[in-house]
Amino acid sequence: FFSLSISLRFTSSLLCGLPNLSVARGKMSLPGKGVGVAKTGAICIVAYLVGVALSHYFLPIDFLTSKLHHAKQHNTISHDASIPAAPTPAVVPAATISIPEKRSQHEPSYKSIVNFDTHNDPFHGVDMVVHRNGEPDPCSRQHVEIEETDNAGTALSSTSRALLHAANVLREGKNKPLDMYTKYDLDAALTHALVWGTGEKSLLQGQGYSCAPTWEEEKKHYMDTAPHLKNKRMSSMVKFCDMGFDKTPIQLDHEKLIRVPELLSLPCHFHTREGLRITSLEQLAQLSRDAKVPAGECTEEERNVDGTCGTVENGNDSTGGRKELHLYAVQAGRQFLFAPKYVGEIFELPHVKVPQNLPVWLEVMSLSPRVFDVFNFFDREESAAIVDKALKETSDTHRIKRSSTGAKGYNVNSQRTSENGFDTHGKQAQAVKRRCMNILGFDEYEESLTDGLQVLRYNKTTAYIPHLDWIDDYGKQQEHNFDTKHVGSNRFATILLYMSDLEEGDGGETVFSDGWPPGQAEEDRVHFNDARAALRESGDVENLLKRDSWEESMVARCRSRLAVRPHSSRAVLFYSQNPDGTPDSHSMHGGCPVISGEKWAANLWVWNAPRGGFPGSPKNQEVVNRNKAAGNSPENNLQKKASFTNTKSDEGMKNAKLYFQDTLWGVLGFGDPILNVNTYEGHQWNVKVDEKTVKTFVIDKRPTQPYTI
C-alpha cells in the first residue's frame, strides 16, 4: 500500500509538470505535446517500480503487521475448527479478527446473580449438551474453546458472553434489569445463546442444526419466509422450538412468552434430565456448578470456589477435565417427557417433596411404551384417606358407581366392569395432584391441566379391556379440539396409584399389551395363544371366567405381557403422547380381572393443555358454530359461574375465607373483593372462620349463581 502511495505521488508530480492536462471521452491527452494513453501508462508503471524500490526507506516493511498484531490482542474470537479460516499473509500471525463488542451494561448485575468470583464464572469448564424433548441421546453440544477475559481481566466463559449478548438484544431500549428477569426472559435468552450466540458464533456446534424437528412439516414454516431472516443462516433448532402456528398448542401463559431476539421465533423451555424446569440465571449457574461435582466426588465443604473438586489447572479440574450440563429442550406450548435410555435406569427426583421427606425416584420399566415405577410417591395414610373419602361421597357426579367411557356423557361399557368415583378437590387429592404435576416437570400447578383424581374399585372378576387414555375424536364431532398433533389438548400422561395389596395369582394387574416384562430375553417371550393354553391347563379361572370370553383373554395377556402388580402405596407413570404431540399407540393398557380379593386404585390424567370446559381450552370452531346456530352449546352448559360476596352484615364473617371443599381459594372478609369462580354442578364451597366451616354452598344446575354471606 505504501509503495502504491509513493508511485502515485511520483506520477502526479511528473504529469503536473506537463501543461494543460485534460481527460476527455476515455482518452488522456496533453494538448500541444501529443502524449497519449500508452505513454502515460508506461510512465505510471515506471513510477510504481520506483515506488516499490524506495518505499522501505521511508517506512518499515512490518509497520502494518505490528498494527494488526496490536489490534488482535484486544479483539480475537477463534473460529470453529470445522470452518476453515481464510489464508493470511506470512508476515501476519495466524488469527481471526472479530468485530469488537461493547461491554454489556448487564455485566455487573449478571456477575452478582450467577455469583461470579475472581477465579472464574460458574460456566467455566462446563459444556452445555442439548437433547430434544424425550430423547436420551444429545442432538448437539457446545463448542470447546479457550476462555477469554473481560475488561477487568477476569475469565469469561463463552456461555457468559453469549448470555450477556442475549441480554443486550433481548430488551434493547427497555433496560430491564437482569434481577427482574422471568422464566420467559430466560427461555428466550438461552435459546438465543444456543442457536445464535453473539452473531459471530452460537454456543452449539453448527448453530444446533442437528437439533432439527423430528416430525414432517405439513406446510411451509412461517420462519422460512420471514422477511427479517431473508438471506440469513437460520438454525434448524429454531423450527424445533417453534413448531409453527398449526402445531403449537396455546397455553394459558402463551401471551407471556418472549420471542427469541433477532430471530423473533418462540423459544424452547429447558429442563434437567430429572424434569426440573430451569427458570432463572441463578438456577442455571447452580446447575453448572453441580455438574462440576458429580455425586460422591467431594462434599460441599471440599469444593473449590468455582464448584470443582481437586486441584484446578488451566480451567479444568483434576477429576477429568471439562464437565457437561445436559439440557432438555422442550418446544413452545409442549410438555416435558422423561427420556429413558434402558430398562432399569433410575431418575432421582430430589425436587419432589413427599410426606416423611422420603427420597422419590423413578425406575424405567419399559421404553416403548414409556412406563416408570414411582417410588415413595405417596404413603398408606394418604391411600386410606382417599379411599375413605370416596366411600363417603354422596353427590351423583362424584360418588362411586359403575365406570363409564368415552369423551361425551355417561356411557357404560360392557368391557369395563369396574366402579369409579372422583375426588377433585379433597385435601389428599389436591396434595397428590400437585405432586403429580411436580414429577412431570411442571413448575406451576394449573387446575385446568388435570382431571379429578379418579378412584377405582375392582371386585372379583371385574376388569377393563386394553385402551388408550388419549381420547379419540378423529371425526371432530366434539366442540373440544382433541387433536394434539396440532393445537388440541388431550390426556398427556397418567399416574396410577395402587391402594390394595394383591399377591401373585390374585390378578388385578395393570397390563400394557404392547410391552414385555422387564429384563425378559426375547427368546423367553410367551405369545398370546401359548399364554391362553397355559392358563386353561392351570385351571386357575376354570369356574370363574367363561372360556373364550374377553376376561379370559385379559388374564392370558396379563400373564405374558408387561403387567404391574398392585400393592398399597405403589405408583406407576406412563405417557399417552409422544414428544411431538401425536398419540402413543404403544400406551394401550387395561385392568386385569381380579381373581381373588378386592382392588382399590386411583389415577390422575394430566393434559398437555387446558381441558374441555375450562377457559382457554382449544375448540373445533366449526362444531362450535354449528352448535351455536342450533341453539346448543353442550360444553358451556357444563360449567357454572358462581360469585361469593361478603355483605358485612354479620360481624362473625369479618375474617371469613372461601374454600373449595378443604382447599383455600381466597379471602372473603370485610372489604375483600367479590370472588368469582368457574365451577361445576355438585361442587361444594365452604366458608370458614378460624379454620371452622360456618357456611356451605353446593353448586346446582343454574348457569350463574350468586352467593352472599
Legend entry - CD (E622) with more than 12 external heavy atoms under 6.0 Å: no

Legend entry - Passing option when E444 is tested against R277, R434, K183 for salt bridge (Lys or Arg N to Asp or Glu O under 4.0 Å): K183

Legend entry - Side-chain donor or acceptor of N133 paired with backbone N/O of V330 under 3.5 Å: no

Legend entry - pair Y575-L573: side-chain heavy atoms closer than 4.5 Å: yes

Legend entry - Interatomic distance, C241 atom SG to L263 atom CG [nearest 0.5 angstrom]: 10.0 Å

Legend entry - Charged N-O contact under 4.0 Å between K433 and E447: yes

Inset, instruction - Using the side-chain contact (heavy atoms from CB on, under 4.5 Å) rule, take D253 and Y184 through it: C-alpha gap first, then chi angles, then the decisive distance, then the call. - result: CA-CA 10 Å; D253 63 353; Y184 308 107; 2.9 Å; yes

Legend entry - Candidate pair N603 and Q454, rule side-chain hydrogen bond (donor to acceptor under 3.5 Å, both in side chains), full reasoning: CA-CA 5 Å; N603 65 262; Q454 181 181 220; 2.7 Å; yes

Legend entry - Any donor-acceptor pair under 3.5 Å from T272 side chain to L276 backbone: yes

Inset, instruction - Could you please spell out the steps behind the side-chain contact (heavy atoms from CB on, under 4.5 Å) verdict for T225 and K220? - result: CA-CA 8 Å; T225 56; K220 200 172 187 66; 3.6 Å; yes

Legend entry - Interatomic spacing from NZ in K341 to CD in E135 - rounded to 0.5 Å: 10.5 Å

Inset, instruction - For S513 and R557, work out which heavy atoms get closest and say how close. - result: CB-CD, 4.3 Å

Inset, instruction - Determine yes or no for a side-chain-to-main-chain donor-acceptor pair under 3.5 angstrom, with N608 supplying the side chain and F492 the backbone. - result: no

Inset, instruction - Taking the side chain as every heavy atom from C-beta outward, state whether Y707 and F644 have any atom pair closer than 4.5 Å. - result: yes

Legend entry - Check: N627/E479 side-chain N/O donor and acceptor closer than 3.5 Å: yes

Inset, instruction - Could you check whether the rings of H271 and F336 sit parallel, tilted or perpendicular, using 30° and 60° as the cut-offs? - result: parallel

Legend entry - Distance-only donor-acceptor check, side chains D473 and Q477, under 3.5 Å: no

Inset, instruction - Without swapping roles, check the side chain of E552 against the backbone of D548 for a donor-acceptor pair under 3.5 Å. - result: yes

Legend entry - Close side-chain approach of M223 to L229, heavy-atom, < 4.5 Å: yes

Legend entry - Short N-O contact, E419 and R457, less than 4.0 angstrom: yes

Legend entry - Closest non-hydrogen atom pair, I258 against A188: O-CB, 3.4 Å

Inset, instruction - Tell me yes or no: between the side chains of W607 and T450, is some donor less than 3.5 Å from an acceptor? - result: no

Legend entry - Distance-only side-chain donor-acceptor flag, T494 / D469, under 3.5 Å: yes

Inset, instruction - For the residue pair F347 and F338, categorise the inter-ring angle as parallel (less than 30°), tilted (30 to 60°) or perpendicular (more than 60°). - result: perpendicular

Inset, instruction - Starting at OG of S383, measure out to CH2 of W600 and round the result to the nearest 0.5 Å. - result: 10.0 Å

Inset, instruction - Indicate yes or no for a side-chain donor-acceptor contact from R370 to the backbone of G134 under 3.5 Å, with no hydrogens or angles considered. - result: yes

Legend entry - Salt bridge present between R570 and D373 (N-O < 4.0 angstrom): yes

Legend entry - Ionic contact status for E509 with R559, cut-off 4.0 Å: no

Inset, instruction - Give a yes-or-no answer on whether the side chains of D700 and Q705 include a donor-acceptor pair shorter than 3.5 Å. - result: yes

Legend entry - T191 to C268 - nearest heavy-atom pair and separation: OG1-N, 3.3 Å

Inset, instruction - Tell me, with the steps shown, if L497 and F378 meet side-chain contact (heavy atoms from CB on, under 4.5 Å). - result: CA-CA 8 Å; L497 313 175; F378 73 125; 3.7 Å; yes

Legend entry - Between F377 and W361, ring centroids under 6.0 Å: no

Inset, instruction - Quick one: sort the Y464 and H467 rings into parallel, tilted or perpendicular, breaks at 30° and 60°. - result: parallel

Inset, instruction - Please assess R611 against D451 for the test salt bridge (charged side-chain N to carboxylate O under 4.0 Å, His left out), listing each intermediate value before the final yes or no. - result: CA-CA 8 Å; R611 62 187 178 92; D451 277 299; 3.4 Å; yes

Legend entry - Residue pair T279 / L186: nearest heavy atoms and the distance that separates them: C-CD2, 3.5 Å

Inset, instruction - Would you mind reporting whether P340 and F372 have side-chain heavy atoms less than 4.5 Å apart? - result: yes

Legend entry - Cation over ring face, K599 and Y458, 6.0 Å, 45°: yes

Inset, instruction - Please confirm whether H326 and Y328 have ring centers closer than 6.0 angstrom. - result: no

Inset, instruction - Might you point out which heavy atoms bring S236 and A212 nearest each other, and give the distance in Å? - result: CB-CB, 3.5 Å

Legend entry - Heavy-atom check, side chain of M365 versus side chain of V564, under 4.5 Å: yes

Legend entry - Enclosure of E348 CD (heavy-atom neighbours >12, cutoff 6.0 Å): no

Legend entry - Salt bridge K485-D580, side-chain N to carboxylate O under 4.0 Å: no

Legend entry - Interatomic distance, L367 atom CG to H586 atom NE2 [nearest 0.5 angstrom]: 11.5 Å

Inset, instruction - Ignoring hydrogens and angles, tell me if any N or O in the side chain of T484 forms a donor-acceptor pair with the backbone of G581 under 3.5 Å. - result: yes

Inset, instruction - Ignoring hydrogens and angles, state whether a donor on the side chain of S500 or H567 is under 3.5 Å from an acceptor on the partner side chain. - result: no

Legend entry - N/O donor-acceptor pair under 3.5 Å between H480 side chain and N490 backbone: no

Legend entry - Trace of the side-chain contact (heavy atoms from CB on, under 4.5 Å) decision for V594 with N459: CA-CA 7 Å; V594 175; N459 293 313; over 6 Å; no

Inset, instruction - Kindly indicate whether the side chain of Q335, heavy atoms from C-beta on, has any atom under 4.5 Å from the side chain of Q251. - result: yes

Legend entry - Quiz item: cation-pi between R491 and W470, 6.0 Å / 45°: no

Inset, instruction - Report yes or no: does K641 contribute a side-chain atom to a donor-acceptor pair with the main-chain N or O of P703 at less than 3.5 Å? - result: no

Inset, instruction - State the CE-OG1 distance between M243 and T248, to the nearest 0.5 angstrom. - result: 6.5 Å

Legend entry - Contact check, side chains of N438 and H351, non-hydrogen atoms, under 4.5 Å: yes

Legend entry - Any side-chain heavy-atom pair of P466 and H589 under 4.5 Å: no

Legend entry - H486 and D483: side chain donor to acceptor below 3.5 Å: yes

Legend entry - Whether over 12 other heavy atoms sit under 6.0 Å from L264 CG: yes

Legend entry - Closest approach of F528 to A556 (non-hydrogen atoms, all atoms of both residues): CE1-CB, 3.9 Å

Legend entry - Polar side chain donor-acceptor pair, S265 to Y222, under 3.5 angstrom: no

Inset, instruction - Find the distance between CG (L362) and CD1 (I346) and round it off to the nearest 0.5 Å. - result: 8.5 Å

